[in-house]
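Data block below; observations after.
Being a predicted model, the structure only gives us computed values, none of them experimental.
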Amino acid sequence: MMIALSYVLRAESPLLLTGLAGDANTKRSLDYIPGSAVRGALIARYLEEERRTYLQPGHPADDRLFLSPATCYLAAYPLLETRQGPRRGLPTPLSWRRNKAVTWEPGSPVYDLAVMAADDLDQSVQYMAPSGAPFCWQDPPLYFGAEGFESEDAASNVYFTAPARQIRIHTARARRPGRATRAEGAVFHYDALAEGERFAGVILAQDEGDAERLHAWLAGGEFRVGGSQRAGYGAVVVEGEVTRQTVGASFDESGWSDWPGEIGLEPGDRLRLTALSPWLLRTPQGQPATQLDRSLLAGLLGLEEEALQPVAEQTQRDTVALGGYHRVWGLPLPQRIAIAAGSTFVFAVDTAVAADRLWQLHLRGLGAQRGDGLGRVAINWQVAEQLNWRATEPRRAEESVAVLPPDPSETTALAREMAQRILRHELDRALAARIQALRLAPHSQISNSLLNRLRMSVRSALTHLQQLAPGQVAQQSAQTLAANEFAPLTALLAGLKPAADHQLRRARLDIETHEPLRLWLDTHLEQFDEIWRELLPPPTLPPLILGSRKIEIPDAWKVEYTLRLIDGVLAQAARPKGES
């Protein structure tokens with residue numbers, strides 16, 4: 001029997017929990033608080049009480065609390081607001097897909113490739129992973145509401161979330177003068193988790209006394225996690241009460257689980273394992289493993305290896321590089337390749353497997369560093385072929401903050417330019433994805449000469465817009481700017497000969513609406529204010545704040561990105577030379 005201590009951390013300052021990926025001039029935080037960071041914060045509290053400097057391997061309390069899987073510190077994932085109340089988010093399965101040609105918004109369907117048969121997929125539709133949604137929560141089939149069990153089948157409801165982020169811009173300082181110099185004064189930025197974000201974590205303890213001690217530390221509730229703590233990062237507090245639940249030796253006796261669902265397998269069933277955290281696995285030869293070896297899984301379940309048959313077409317996996325920093329040594333930890341959270345492995349089972357054996361697999365986990373929350377596994381959590389995205393309740397202002405140091409105006413201007421580059425980067429990615437989704441239907445026939453005439457008009461407007469001085473742009477409203485820049489293209493469309501106009505009206509976009517290209521062009525030229533909703537559906541790109549100044553997407557960009565979207569769609573419609 002184990003004890004689960006569940007808690008909620010609220011960020012009192014930005015949090016910087018960096019991974020190994022990212023730009024050399026940027027430190028980007030992970031989207032969650034790793035279990036190792038929570039463990040490190042509690043180690044500091046423990047050593048303060050013990051009046052010691054270091055842990056001592058071989059010391060019974062040190063080993064039980066921090067150095068063995070007897071106590072597991074699970075990652076603190078973002079908190080979601082669902083119909084059942086707040087829930088600890090879980091990594092979004094990599095097998096979930098959405099139709100890329102359909103607007104992504106609450107109510108959109110989500111398809112699970114780990115459950116659907118390959119023949120059930122619409123081969124004419126292109127799918128992609130839910131964007132901007134690293135964490136989710138899926139309702140169980142039935143839940144208990146205020147008036148008893150609801151009659152609605154909630155199994156299809158899924159909630160998505162992504163933590164808000166803050167971008168802080170810093171200037172490197174030379175050690176001796178304590179300020180930026182011409183030789184040492186590079187501007188860089190931290191992409192951190194935003195102040196005010198909430199994360200739900202769990203600690204699993206086997207010893208009753210250890211659980212009491214951990215509960216007291218958490219209830220005391222102020223810690224520092226992550227990097228750059230002396231620069232104002234990493235402050236967290238425990239919000240609300242720390243709940244205590246029993247984790248039984250069997251599924252039926254347990255009051256806590258990472259995921260909602262039921263387990264137990266009959267011959268012919270599918271066994272679906274979802275990684276709820278990275279897995280550090282090794283091959284029999286000791287090399288990092290990027291696949292789940294069925295011999296390892298069969299041994300843990302007490303089965304013959306032949307009883308498990310991998311289902312390759314339903315398995316979806318990815319890898320991630322793990323690293324870290326050892327504060328005692330003052331050195332980075334070795335980098336290792338792990339199976340990424342959200343990976344799903346599917347096996348066909350020809351032998352009945354008792355629920356208790358599967359439950360023990362869930363409690364034990366897979367691979368190394370299970371005490372740091374790695375190796376967590378959900379068993380048959382994914383059971384629905386199609387899910388429905390349900391919007392979460394709003395709980396925070398959608399705003400990213402970039403705080404400027406008190407530096408001269410030149411640095412301020414540079415920082416503002418960096419912020420706008422960040423906005424452009426996100427917009428350009430969204431623009432490319434939208435253009436790919438707006439291909440013309442295969443039967444559409446438009447002459448290349450007509451497409452080139454339209455593109456020349458669009459490109460001319462873009463060139464003219466880019467040549468305008470910033471002051472000229474700022475003096476005009478978006479409507480005035482659009483009227484001036486769209487005028488040549490609007491006049492060209494209005495003056496088309498009937499044969500050319502017929503080609504545009506006959507050609508249709510290869511999406512569900514099958515909208516005529518001519519109607520699509522007219523709509524975008526008239527309703528250019530809707531471009532951000534089309535490129536950045538919820539959750540939208542938040543504004544940036546530099547000091548006391550908010551850097552929002554300029555109105556002139558609406559005109560520019562509308563023209564670029566039209567140009568991209570027309571460019572895709574052009575047929576290669578020589579093709580009839």
Worksheet item: Does some side-chain heavy atom of Leu17 sit less than 4.5 Å from a side-chain heavy atom of Ile33?
Response: yes
Worksheet entry | Tyr32 vs Pro91 side-chain heavy atoms within contact, under 4.5 Å | no
Worksheet item: Less than 4.5 Å apart, any side-chain heavy atom of Leu271 and any of Leu358?
Response: yes
Discussion item. Any side-chain to backbone donor/acceptor pair from Arg336 onto Pro288? Under 3.5 Å, distance only.
Written reply: no
Discussion item. Treating Arg39 as the side-chain partner and Tyr73 as the backbone partner, does any N or O pair qualify as donor plus acceptor under 3.5 Å?
Written reply: no
Worksheet item: Just by modelled atom types, is the Leu374 backbone N or O under 3.5 Å from a matching donor or acceptor in the Asp372 side chain?
Response: no
Practice prompt. Decide, yes or no, whether a salt bridge links Glu208 with Arg244 under the criterion of side-chain N to carboxylate O below 4.0 Å.
Written response: yes
Worksheet item: Any donor and acceptor pair, going by atom type alone, linking the side chain of Gln335 with main-chain N or O of Ala321 inside 3.5 Å?
Response: no
Practice prompt. State whether the number of non-hydrogen atoms from other residues, nucleotides or ligands found under 6.0 Å of Gln309 atom CD is greater than 12.
Written response: yes
Practice prompt. Give a yes or no on whether the backbone of Leu113 and the side-chain of Ser95 come within a donor-acceptor separation of less than 3.5 Å.
Written response: no
Fill in: Separation of Leu5 CG from Leu74 CG (nearest 0.5 Å)
10.5 Å
Practice prompt. For the residue pair Leu9 and Val225, establish whether any side-chain heavy-atom pair is separated by less than 4.5 Å.
Written response: no
Discussion item. Checking the side chain of His362 only, and the main-chain atoms of Ile379 only, is there a donor and an acceptor separated by less than 3.5 Å?
Written reply: no
Discussion item. Within the structure provided, determine whether Leu273 and Trp279 are in side-chain contact (heavy-atom separation under 4.5 Å).
Written reply: yes
Response to the item:
Tightest non-hydrogen contact, residues Gln245 and Ser6, listed as OE1-OG, 4.1 Å
Worksheet item: When you look at Leu214 and Val242, which way does the side-chain contact (heavy atoms from CB on, under 4.5 Å) test go after all the steps?
Response: CA-CA 10 Å; Leu214 291 165; Val242 179; over 6 Å; no
Worksheet item: Taking atom CZ of Arg376 and atom SG of Cys72, what is their separation to the nearest 0.5 Å?
Response: 6.5 Å
Item to complete: Check whether any side-chain heavy atom of Trp96 sits under 4.5 Å from a side-chain heavy atom of Gln138, and report yes or no.
Response: yes
Fill in: Full working for side-chain contact (heavy atoms from CB on, under 4.5 Å) between Tyr77 and Ser277
CA-CA 10 Å; Tyr77 290 139; Ser277 65; 3.8 Å; yes
Practice prompt. Give the intermediate values and the outcome of salt bridge (charged side-chain N to carboxylate O under 4.0 Å, His left out) for residues Asp62 and Arg52.
Written response: CA-CA 12 Å; Asp62 291 11; Arg52 287 194 275 142; 3.0 Å; yes
Worksheet entry | Verdict with supporting geometry, Thr315 and Leu292, side-chain contact (heavy atoms from CB on, under 4.5 Å) | CA-CA 10 Å; Thr315 295; Leu292 177 57; over 6 Å; no
Discussion item. Please report the interatomic distance CZ(Phe345) to CD(Gln316), rounded to the nearest 0.5 Å.
Written reply: 10.5 Å
Worksheet item: How many angstroms lie between atom CG of Leu65 and atom CG of Leu55, to the nearest 0.5 angstrom?
Response: 9.0 Å
Item to complete: Please name the pair of heavy atoms, one in Pro57 and one in Leu67, separated by the smallest distance, quoted to 0.1 Å.
Response: CA-CD1, 3.9 Å
Discussion item. Within this structure, what is the CZ-CG distance for the pair Arg64 and Asp210, rounded to the nearest 0.5 Å?
Written reply: 4.0 Å
Item to complete: Of all the heavy-atom pairs spanning Val238 and Leu218, show the shortest one and how long it is.
Response: CG2-O, 3.2 Å
Worksheet entry | Atom of Ala133, atom of Thr92 and distance for their closest heavy-atom approach | O-OG1, 2.7 Å
Discussion item. Given 3.5 Å as the limit, does a donor-acceptor pair link the side chain of Thr274 with the main chain of Thr344, or not?
Written reply: no
Worksheet item: Taking the side chain from Thr319 and the backbone from Thr290, do they hold a donor-acceptor pair closer than 3.5 Å?
Response: no
Worksheet entry | Single hit among Glu197, Glu195, Glu239 for salt bridge (Lys or Arg N to Asp or Glu O under 4.0 Å) with Arg10 | Glu239
Discussion item. Is the shortest side-chain heavy-atom distance between Tyr7 and Val38 below 4.5 Å?
Written reply: yes
Worksheet item: Does the side-chain hydrogen bond (donor to acceptor under 3.5 Å, both in side chains) test come out yes or no for Asp318 and Ser343, once each step is laid out?
Response: CA-CA 6 Å; Asp318 200 356; Ser343 297; over 6 Å; no
Worksheet item: Between Thr161 (side chain) and Phe135 (backbone), is there a donor-acceptor pair under 3.5 Å?
Response: no
Worksheet item: What's the verdict on side-chain contact (heavy atoms from CB on, under 4.5 Å) for Arg198 and Glu81, showing C-alpha distance, side-chain angles and the deciding distance?
Response: CA-CA 11 Å; Arg198 297 186 297 165; Glu81 298 292 340; 2.7 Å; yes
Worksheet item: Looking only at atom types and distance, does a side-chain atom of Arg165 sit under 3.5 Å from a main-chain N or O of Ser29, one as donor and one as acceptor?
Response: yes
Worksheet item: Do Arg97 and Met116 come close enough that some side-chain heavy atom pair is under 4.5 Å?
Response: no
Worksheet item: Taking all non-hydrogen atoms of both residues, which atom of Pro163 and which atom of Asp31 are closest, and how far apart?
Response: CG-O, 3.4 Å
Worksheet entry | Closest contact, heavy atoms only, Gln314 versus Val115 | NE2-O, 3.4 Å
Response to the item:
So CD1 of Ile339 and CG of Leu322: to nearest 0.5 Å the spacing works out to 11.0 Å
